[in-house]
Structures are given as structure tokens and as C-alpha cells.
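Take a look at the structure set out below.
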Amino acid sequence: MAIDESGIDPDDPRPRLRFAAEGIRRLPMLGLAVGFAATATLLAFVEEGAFATAVVALLWFSVVVIVAAIVPAANMLTLTPQGFRIRTLAVFSRFVPWSDVVSIDTGDGWADATVIVELAEAADRGTILGLPRDPTLGRRTFADHYGLDPQVLARAMECRRQAAAHP
């Protein structure tokens with residue numbers, strides 16, 4: 001077993017590996033939450049009445065939803081012996097069995113170096129949040145980075161896919 005500089009062994013025998021999303025793309029959403037919070041606070045001091053109270057409550061609700069959506073645990077990648085699960089915005093989750101994965105590769109797309117996942121035609125329909133079609137590559141890539149070098153993550157995924165195909 002070869003552990004690389006990231007400290008992750010792609011051939012890790014543990015049945016479940018979880019990776020929280022990382023990246024600066026969450027920064028604009030955090031800015032939006034701070035702006036909503038500031039607006040709600042200012043509006044609460046300046047205005048009175050039912051309408052202003054409703055707007056303040058809606059703004060604070062939006063702040064809670066945005067913050068809950070951008071915490072690292074809200075966007076996770078879980079690798080299991082049966083497939084992988086992508087959880088996006090703390091609510092949306094999609095499981096992709098290894099049998100639906102044709103190949104796993106790496107490349108440079110719109111989000112820099114990333115993992116490319118090619119799905120079987122039957123599974124490659126519709127929207128998969130967290131695994132959109134990269135406009136540069138024309139293939140599905142992860143929207144988030146999960147704290148690993150894309151080549152290390154792709155190798156870990158490929159090892160599990162191969163193990164599922166040849167038990």
C-alpha cells in the first residue's frame with residue numbers, strides 16, 4: 001500500500017471514506033449571508049410593522065439556510081464498496097453505483113484540475129448536483145474539491161470501482 005504526500009491511501013480497505021468539500025467558491029455565498037444579516041439587523045432597527053418584521057424574518061431564515069448549505073459537512077463525497085454518494089447543499093444527495101461508472105480520469109476543466117467521471121448512458125441522464133457536465137471538457141466532473149489531489153481521489157475511486165467489478 002502506497003500512501004502519497006496527502007496522507008491518503010487510495011487502496012484503503014475501509015468500507016467507507018468521507019471527504020468534505022473544500023474551496024473558495026463558498027466565499028461569495030458567505031458574503032451573501034453576511035449581507036443578508038446586516039440588512040436584517042439594520043431593517044429591524046429602522047422599520048416597524050408586520051411587513052418589516054416578515055422581511056427581517058425571511059432574511060434571517062435565508063442566512064440560516066445559506067450558512068447551513070456552505071459548511072463543509074453540507075457538501076460531502078462518500079466512497080463505499082458499492083458506489084459513491086455526492087451530497088450537495090446539505091439536502092440533495094445522489095448515489096451512483098460503481099456499475100454505472102464507465103471510467104474515472106482527471107483533467108483541467110472550468111474548475112481547474114478535477115476528477116472526471118464518465119457514466120453509462122442509462123445513468124448519464126438528468127442533473128446530478130455536485131457532478132455537472134463541465135462545459136470545457138463535455139464530461140461530468142466534480143463541482144467541488146475534496147481536500148485531495150484529483151489524481152489521488154481518482155485512483156481511490158478507480159480502485160473501488162475495480163474491486164466492485166471483480167470481487
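What you are looking at is a predicted structure, and each value in this text was computed from that prediction instead of being measured.
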Point to revise | CZ on R133 to CG on L119, rounded to 0.5 Å | key: 8.0 Å
Practice item. Verify side chain to side chain contact (heavy atoms under 4.5 Å, CB included) between V115 and Y146, making sure each step is shown before the conclusion. Key: CA-CA 10 Å; V115 176; Y146 295 99; over 6 Å; no
**Study point:** Check ion pair E158-R155 (N to O, under 4.0 angstrom)
**Key:** no
Below 3.5 Å, can you tabulate the donor-acceptor pairs from side chains in residues 74-84 to any protein atom, sequence neighbours excluded?
| from | atom 1 | to | atom 2 | distance (Å) |
| --- | --- | --- | --- | --- |
| N75 | OD1 | L89 | N | 2.8 |
| N75 | ND2 | A69 | O | 3.1 |
| T80 | OG1 | Q82 | N | 3.3 |
| T80 | OG1 | Q82 | OE1 | 3.4 |
| T80 | OG1 | G83 | N | 3.1 |
| T80 | OG1 | G83 | O | 2.9 |

**Study point:** Straight-line distance of R87 CZ to L129 CG, nearest 0.5 Å
**Key:** 13.5 Å
Study note, to complete from the structure: What one should report as the nearest heavy-atom pair of V67 and A33 is CG2-CB, 4.1 Å
Check your understanding: Which residues pass the side chain to side chain donor-acceptor pair (under 3.5 Å) test with R85, sequence neighbours left out?
Key -> S93
Practice item. Tell me, please, which residues at least two apart from F36 pass ring-ring contact (aromatic ring centres under 6.0 Å, His included). Key: none
Point to revise | Interatomic distance, I104 atom CD1 to R140 atom CZ [nearest 0.5 angstrom] | key: 14.0 Å
Review point. Passes side chain to side chain contact (heavy atoms under 4.5 Å, CB included), V96 versus I86? Steps please.
Key: CA-CA 8 Å; V96 178; I86 299 174; 5.7 Å; no
Revision key, fill the gap. So OG1 of T141 and CG of D134: to nearest 0.5 Å the spacing works out to 4.0 Å
Check your understanding: Below 4.5 Å, heavy atoms only, C-beta onward: do V55 and E47 meet side chain to side chain?
Key -> no
Study note, to complete from the structure: Rounded to the nearest 0.5 angstrom, the CD1-CG distance for I116 and L137 is 4.5 Å
